[in-house]
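Below is one structure, written out as structure tokens; comments come after it.
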2 protein chains.
Amino acid sequence: MGDDTSQTGKRDRESTERRIVSAVLDLMENEGFDAVGINAVAARAGVSKVLIYRYFGDLEGLMRTAAEQLRGITPDISLRVVECANEHEQLSPESLMRCTVLELRRSVEDNPLLRRLLVWELTEDNAMTRLTTELREESGLDQTEAFSRLLAELRPDNNTDVPALLALVTAGVFFLSLRSDSVRYFNGLDIRSDEGWQRIADAAADLMRHL
Amino acid sequence: MGDDTSQTGKRDRESTERRIVSAVLDLMENEGFDAVGINAVAARAGVSKVLIYRYFGDLEGLMRTAAEQLRGITPDISLRVVECANEHEQLSPESLMRCTVLELRRSVEDNPLLRRLLVWELTEDNAMTRLTTELREESGLDQTEAFSRLLAELRPDNNTDVPALLALVTAGVFFLSLRSDSVRYFNGLDIRSDEGWQRIADAAADLMRHL
DNA sequence: ATTTTATGTTACCGGATGGTGACATGTCAA
DNA sequence: TTGACATGTCACCATCCGGTAACATAAAAT
């Protein structure tokens with residue numbers, strides 16, 4: 001008792017499908033993407049794998065369905081960036097950049113599933129990665145838009161290539177966050193510590209002084 | 001005829017070992033790291049897999065040996081950066097940064113095995129990734145050292161945190177290069193085209209204007 | 001010439017994988 | 001009550017995996 005659907009747990013297709021999809025996400029997050037196989041999913045869902053084929057066709061169909069659950073996985077940090085910048089100092093290009101780096105890092109660090117997805121997108125091309133890649137691209141453009149707008153308010157005459165700049169910075173934060181899972185140091189910096197990330201954020205912020 | 005060791009191909013342990021190790025690198029580069037298994041290696045080397053166990057113990061032993069062949073895989077671009085900067089414009093913090101980005105990108109782009117390794121290091125922790133990670137770290141520190149020295153000559157009074165800055169930039173270039181293998185656009189930029197990379201390099205260079 | 005040793009091959013093992021057919025049973029309509 | 005259908009289980013398949021024992025043979029040592 002106490003199970004998700006202990007009463008209707010039997011012969012309830014909806015509940016079963018939900019358990020299967022949850023098992024996929026659970027496996028991805030905790031065991032890694034190559035642990036997501038028919039047998040493993042069925043076992044973790046506590047369900048016969050035949051049902052997976054019946055309800056989702058094949059593994060790709062399951063993935064496609066599971067991917068729908070991932071809408072919203074990509075972080076929208078625009079709000080938090082502004083909060084952060086206003087919190088510790090007044091809003092400025094420097095604080096904007098510093099907080100972008102720090103909040104971006106935090107959102108990746110706090111989200112194991114997102115990290116798994118970012119790596120997966122580097123290695124596989126399937127229904128799931130295509131969708132999450134798309135979502136990420138949209139969210140990145142939003143983020144860039146917000147940054148551009150704020151920067152234009154602060155420095156109306158600047159002609160910074162914000163998309164290119166943010167592409168490099170977010171890519172850098174992504175890579176360093178992912179890397180910190182397996183290796184502690186990168187270029188001598190401790191990328192597992194807040195101090196290391198402070199240095200990175202400060203270095204990035206420092207560059208905005210030219211405005 | 002024409003084969004590497006057609007004359008001594010039979011019952012020549014050295015030659016056989018070399019073929020096995022080559023098969024590992026070949027598979028990694030062309031099929032990806034999870035294609036590297038005992039059976040696949042033996043098949044590609046045209047050799048019975050029993051020999052792999054006899055000569056290398058197990059898969060990890062093979063990996064350790066193969067990793068030795070990877071010394072030198074990490075690019076040293078210090079020289080080319082200076083060449084590049086002197087070529088198109090005079091040496092300056094801006095040109096230094098621009099050429100660092102472009103040369104770094106080129107070296108990753110031109111080296112499929114390096115790209116595979118970079119991804120692998122994000123997902124697995126074994127004898128091979130530990131070694132290549134170490135090598136990369138050393139090379140990154142050298143690169144940082146060279147950059148710092150040049151920058152100190154150009155702007156003796158600057159106090160830029162070069163390690164932190166280069167960590168973010170190289171990480172960004174790595175991620176975008178890896179990503180371009182599977183997705184064409186990132187943040188609206190075409191990361192498969194030279195134009196896209198020009199924008200990124202320019203954006204990074206632009207930031208150095210504050211010096 | 002004979003034995004020993006190193007090199008190489010064949011055939012097999014247990015286990016995991018993705019996938020399918022046959023069967024059991026709860027649910028609901030006629 | 002009876003029959004149709006959806007839901008779920010069990011047993012099995014071929015295939016691949018890493019790993020090993022047994023055997024064959026070329027080369028070197030005696």
Side-chain angles (χ1 to χ4, degrees), chain A residues 3-24 26-28 30-66 120 123-128, chain B residues 3-24 26-28 30-67 120 123-129:
Chain A
D3 264 16
D4 228 81
T5 51
S6 56
Q7 295 179 347
T8 59
K10 311 219 158 181
R11 279 186 142 80
D12 178 348
R13 173 161 177 173
E14 265 191 41
S15 154
T16 301
E17 288 190 359
R18 248 183 289 121
R19 270 196 303 167
I20 293 173
V21 170
S22 295
V24 172
D26 193 54
L27 274 171
M28 283 198 61
N30 298 112
E31 310 289 333
F33 38 82
D34 25 49
V36 181
I38 290 287
N39 295 298
V41 171
R44 175 148 314 206
V47 141
S48 179
K49 62 178 170 179
V50 183
L51 300 184
I52 297 180
Y53 291 105
R54 265 223 276 276
Y55 297 155
F56 302 96
D58 54 2
L59 197 61
E60 175 156 341
L62 212 205
M63 288 307 195
R64 211 186 324 268
T65 305
W120 206 20
T123 60
E124 290 223 28
D125 185 38
N126 55 39
M128 196 165 215
Chain B
D3 263 17
D4 228 76
T5 50
S6 56
Q7 295 180 347
T8 58
K10 313 220 159 180
R11 281 183 140 75
D12 177 350
R13 174 163 179 172
E14 264 192 42
S15 153
T16 302
E17 288 191 358
R18 248 183 289 121
R19 271 196 302 168
I20 294 173
V21 170
S22 295
V24 171
D26 193 54
L27 275 171
M28 283 199 60
N30 298 112
E31 311 289 332
F33 38 83
D34 25 46
V36 180
I38 289 286
N39 295 298
V41 170
R44 175 147 313 205
V47 141
S48 181
K49 62 176 169 178
V50 183
L51 300 184
I52 297 180
Y53 290 104
R54 265 225 274 277
Y55 297 156
F56 301 97
D58 56 0
L59 196 62
E60 174 156 342
L62 213 205
M63 287 307 196
R64 213 188 321 270
T65 305
W120 206 21
T123 60
E124 291 223 29
D125 184 39
N126 55 38
M128 196 165 215
T129 57

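Naming: A, B, ... by sequence-line order, numbering from 1 per chain.
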Any side-chain heavy atom of A:Met128 sitting closer than 4.5 Å to one from A:Phe33?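 Counting from C-beta outward, A:Met128 and A:Phe33 never come under 4.5 Å.
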Determine whether A:Met63 and A:Phe56 make a side-chain contact, defined as any pair of heavy atoms from C-beta on separated by less than 4.5 Å.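 Contact flag for A:Met63/A:Phe56 side chains = no.
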Using whole Å, what does the distance between atom [atom2] of nucleotide [N] and atom [atom1] of [X] come to?
{"X": "A:Glu14", "N": "D:dA6", "atom1": "CD", "atom2": "C1'", "result": "14 Å"}
{"X": "A:Leu62", "N": "C:dG18", "atom1": "CG", "atom2": "C1'", "result": "13 Å"}
{"X": "B:Asp34", "N": "D:dC16", "atom1": "CG", "atom2": "C1'", "result": "14 Å"}
{"X": "B:Phe56", "N": "D:dG19", "atom1": "CZ", "atom2": "C1'", "result": "17 Å"}
{"X": "B:Met63", "N": "D:dG18", "atom1": "CE", "atom2": "C1'", "result": "13 Å"}
{"X": "A:Ile20", "N": "D:dT7", "atom1": "CD1", "atom2": "P", "result": "12 Å"}

Strictly below 4.0 Å: does [X] bring a side-chain N or O up to OP1 or OP2 of [N]?
{"X": "B:Arg13", "N": "C:dT7", "result": "yes"}
{"X": "B:Tyr55", "N": "C:dG8", "result": "yes"}
{"X": "A:Thr16", "N": "D:dG8", "result": "yes"}

Do any pairs count as a side-chain hydrogen bond (donor to acceptor under 3.5 Å, both in side chains) and have a residue in residues 48-59 of chain B, sequence neighbours left out, and if so which ones?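 Only B:Asn39-B:Lys49 qualify under side-chain hydrogen bond (donor to acceptor under 3.5 Å, both in side chains).
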In terms of the nearest nucleotide of DNA chain D, which residue is placed more toward the 5' end: B:Arg54 or B:Leu59?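 Result: B:Leu59.
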From the list A:Thr65, A:Val41, A:Asp26, side-chain contact (heavy atoms from CB on, under 4.5 Å) with A:Val21 holds only for A:Thr65
From the options B:Leu62, B:Thr16, B:Val24, select the one residue that forms a side-chain contact (heavy atoms from CB on, under 4.5 Å) with B:Ile52.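 Going through the options one by one, the only one that passes is B:Leu62.
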What are the residues of residues 38-53 of chain A, sorted by number, that bring a heavy atom to within less than 4.0 Å of DNA chain D?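 Within residues 38-53 of chain A, the residues near DNA chain D are A:Ser48, A:Val50, A:Leu51.
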Taking all non-hydrogen atoms of both residues, which atom of A:Ala23 and which atom of A:Arg44 are closest, and how far apart?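 Nearest heavy atoms, A:Ala23 then A:Arg44: CB-CG, 4.0 Å.
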